[in-house]
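Worksheet for the structure shown next.
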Amino acid sequence: MARKTKIETQRTRQQIIDAARKMFFRHGIARTTLDVIAREAGVTRGAIYWHFDNKVALFFALREQTILPLVDRVDGLLMASSGEDPLLGVTRAMQEIFKALDRDAGAREVFQIMQLRCEYVGEFASLVTEFEKSQNQLIAKLALAYRRARTMGLLRPGLQPAALALDSVLFLSGLIRRRLSSAAEGGDPKAVSRAIRAHVGLRRV
């Protein structure tokens, strides 16, 4: 049998990731086996093991493929150039997350899997540490933006950037979960945008 080309190998890997997203979303992670993913992808179980050590590694690859491009866009909005309004950057960065959920069904499914269809116990318990690391990185970036806003005289007196950053991440987490569950007002994109503007507006002088 001829050896697969690099392009064919990458195509197979992507087929597996796409199949995993569909099956994780449909059945939840705990109830999705590698055999189920293999059938959906049209590959053998051995092909999955060729690319991924286990289901955790596959889930992590799925998450990273969706999250990293979004992180880059959010970082670009948060790290505004000197002289630009950092609070406007925070607003746009938060809004970008929800724009991604609205325009990209695949991204929305991945967020729903992470938020609503995965129990972080057993083999998946180690992922909690990774998620906390990502969250702490976002907190640090938000704190920097709020410090810049304070330096520019845009932040209300008495507010602490570190506390504001933590508050913003907790606000985002709740808003994302509400948006994903399409609960009442939380399912309306315009309502989400208004909530973000109000959240950041409370920090402005």
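Bear in mind the structure is a predicted one, so any value in this text is a computation, not a measurement. No hydrogens, no waters, no symmetry mates; every other heavy atom, side chains included, goes into these values.
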When clusters are formed by joining ILVMFWY residues with side-chain heavy atoms under 4.5 Å apart, either directly or through shared neighbours, do [X] and [Y] land in the same one?
X	Y	answer
Trp50	Ile48	no
Met152	Leu77	no
Val36	Val56	yes

Between [X] and [Y], does any side-chain donor sit less than 3.5 Å from a side-chain acceptor?
X	Y	answer
Thr66	Arg108	no
Thr12	His51	no
Gln14	Gln65	yes

Minimum heavy-atom separation for Leu70 to Ala100, with atom names?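 Result for this residue pair: CD1-CB, 3.9 Å.
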
Quick check: closest heavy atoms across Val192 and Arg179, and the distance to 0.1 Å?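 The answer is CG2-CD, 3.7 Å.
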
Apply side chain to side chain donor-acceptor pair (under 3.5 Å) to Ser134 and Arg63, showing your working. CA-CA 12 Å; Ser134 298; Arg63 173 184 176 270; 3.1 Å; yes

Rounded to the nearest 0.5 Å, how far does [atom2] of [Y] lie from [atom1] of [X]?
X	Y	atom1	atom2	answer
Lys22	His27	NZ	NE2	12.0 Å
Asn136	Leu166	CG	CG	9.5 Å
Leu155	Tyr146	CG	OH	8.0 Å
Met79	Glu84	CE	CD	12.0 Å
Ser168	Ile196	OG	CD1	10.0 Å
Gln112	Leu180	CD	CG	5.0 Å

Are any side-chain N or O atoms of [X] and backbone N or O atoms of [Y], one a donor and one an acceptor, separated by less than 3.5 Å?
X	Y	value
Lys141	Val74	no
Gln15	Ala41	yes
Arg156	Leu202	yes
Thr32	Met23	yes

Do Pro69 and Glu64 come close enough that some side-chain heavy atom pair is under 4.5 Å?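 No, too far: nothing below the 4.5 Å cut-off.
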
So Thr5 and Thr9, do their side chains get closer than 4.5 Å, heavy atoms only?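 Not touching, per the 4.5 Å side-chain cut-off.
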
For Tyr49, ring pair (Phe, Tyr, Trp, His ring centres under 6.0 Å) partners two or more places apart: none

Under 3.5 Å, which donor-acceptor pairs link side chains of residues 113-133 to any protein atom two or more places apart or in another chain?
unit_1: Gln115; atom_1: OE1; unit_2: Arg177; atom_2: NH1; d: 3.3
unit_1: Arg117; atom_1: NE; unit_2: Phe25; atom_2: O; d: 2.7
unit_1: Tyr120; atom_1: OH; unit_2: Met114; atom_2: O; d: 2.8

Passing candidate, side chain to side chain contact (heavy atoms under 4.5 Å, CB included) with Ile37, options Thr33, Leu34, Asp35: Leu34

Among Ile139, Val169, Leu142, Leu159, side chain to side chain contact (heavy atoms under 4.5 Å, CB included) partner for Leu164: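 Of the listed options, the one satisfying the test is Leu159.
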
Got a list of side-chain donor-acceptor pairs under 3.5 Å for residues 86-99, not counting sequence neighbours?
unit_1: Thr91; atom_1: OG1; unit_2: Leu87; atom_2: O; d: 3.0
unit_1: Gln95; atom_1: NE2; unit_2: Ser193; atom_2: OG; d: 3.0
unit_1: Glu96; atom_1: OE2; unit_2: Arg73; atom_2: NE; d: 2.8
unit_1: Glu96; atom_1: OE2; unit_2: Arg103; atom_2: NH2; d: 2.4

Can you pull the salt bridge (charged side-chain N to carboxylate O under 4.0 Å, His left out) pairs that have at least one residue in residues 196-205, sequence neighbours excluded?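 Found Asp85-Arg204, Asp167-Arg203.
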
Would you find more than 12 non-hydrogen atoms of other residues, nucleotides or ligands less than 6.0 Å from Ile7 atom CD1? no

Excluding sequence neighbours, so at least two apart, what forms side chain to side chain contact (heavy atoms under 4.5 Å, CB included) with Ala143?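 Scan of Ala143 (side chain to side chain contact (heavy atoms under 4.5 Å, CB included), adjacent residues dropped) gives Arg147, Ala165.
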
Residues that Ala61 engages under side chain to side chain contact (heavy atoms under 4.5 Å, CB included), provided they are two or more places apart: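 Expected list: Arg13, Ile17, Phe52.
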
